[in-house]
Amino acid sequence: MTGSYEDPRVVRLRTAVSRLRRELATYPAEFPDRAIAEDELAALAAMVTHGVPEVPRLRRSLLLIASAIGSVSALARGLSDVRDAVELFGRTPRR
């Protein structure tokens, strides 16, 4: 198909974010920062619908999500997949 190229990094990030959002939605226990994780995952999902997201914004969202759900071992694999997908975009350029 011509004109239908999509950056594989974006596809991978979209998939990882979607998976973690589903895992978080079905996680039965409440925890203090759950709303923060849900909000940032929603922000990441929105970012990947508009092309290649900005690396600093990706890293900020990843940090907030990791801080919010980092101690929930049941979500560790999903969080790791999101982190790996963010890493595909490279490092934040130094100023």
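- Using modelled atom types and a 3.5 Å distance limit, the side chains of S18 and R22 yield a donor-acceptor pair.
- Rounded to the nearest 0.5 Å, atoms CG (L75) and OG1 (T26) are 8.0 Å apart.
- Taking each heavy atom of P53 and V10 in turn, the nearest pair found is CD-CG2, 4.3 Å.
- Atom-to-atom distance recorded for L62:CG and L79:CG is 6.5 Å, nearest 0.5 angstrom.
- Side-chain contact check for E54 versus R60: every heavy-atom pair is 4.5 Å or farther apart.
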From CA spacing to verdict: side-chain contact (heavy atoms from CB on, under 4.5 Å), V17, D81
CA-CA 8 Å; V17 167; D81 289 347; over 6 Å; no
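- Remark: the S61 side chain and the R57 side chain contain an N/O donor-acceptor pair separated by less than 3.5 Å.
- Follow the hydrophobic side-chain contacts under 4.5 Å out from F89 and you never reach V11; the two are in separate clusters.
- The two atoms that bring I69 and A37 nearest to each other are CG2-CB, 3.5 Å, heavy atoms only.
- The CZ atom of R14 lies 10.0 Å from the CG atom of D7; values are rounded to the nearest 0.5 Å.
- The distance from atom CD1 of I65 to atom CG of L44, rounded to the nearest 0.5 Å, is 4.5 Å.
- Residues V48 and V52 share a hydrophobic cluster, clusters being chains of Ile/Leu/Val/Met/Phe/Trp/Tyr side chains in contact below 4.5 Å.
- Using a 4.5 Å cut-off on side-chain heavy atoms (C-beta onward), S67 and D33 make no contact.
- Here R12 does not pair with E87 in a salt bridge; the nearest charged N to carboxylate O distance is not below 4.0 Å.
- A chain of hydrophobic side-chain contacts below 4.5 Å, direct or via other Ile, Leu, Val, Met, Phe, Trp or Tyr residues, connects V72 to L41.
- Under the 4.0 Å criterion applied to side-chain N and carboxylate O atoms, R21 and E40 are not assigned as salt-bridge partners.
- Cluster membership for V82 and L63, using ILVMFWY side-chain heavy atoms within less than 4.5 angstrom, is not shared.
- A pairwise comparison of heavy atoms in G90 and V55 identifies O-CG1, 3.5 Å as the closest pair.
- Note: the hydrophobic cluster containing Y27 also contains L20 (ILVMFWY, side chain heavy atoms under 4.5 Å, direct or indirect links).
- A salt bridge links R34 to E38: one of the charged nitrogens lies within less than 4.0 Å of a carboxylate oxygen.
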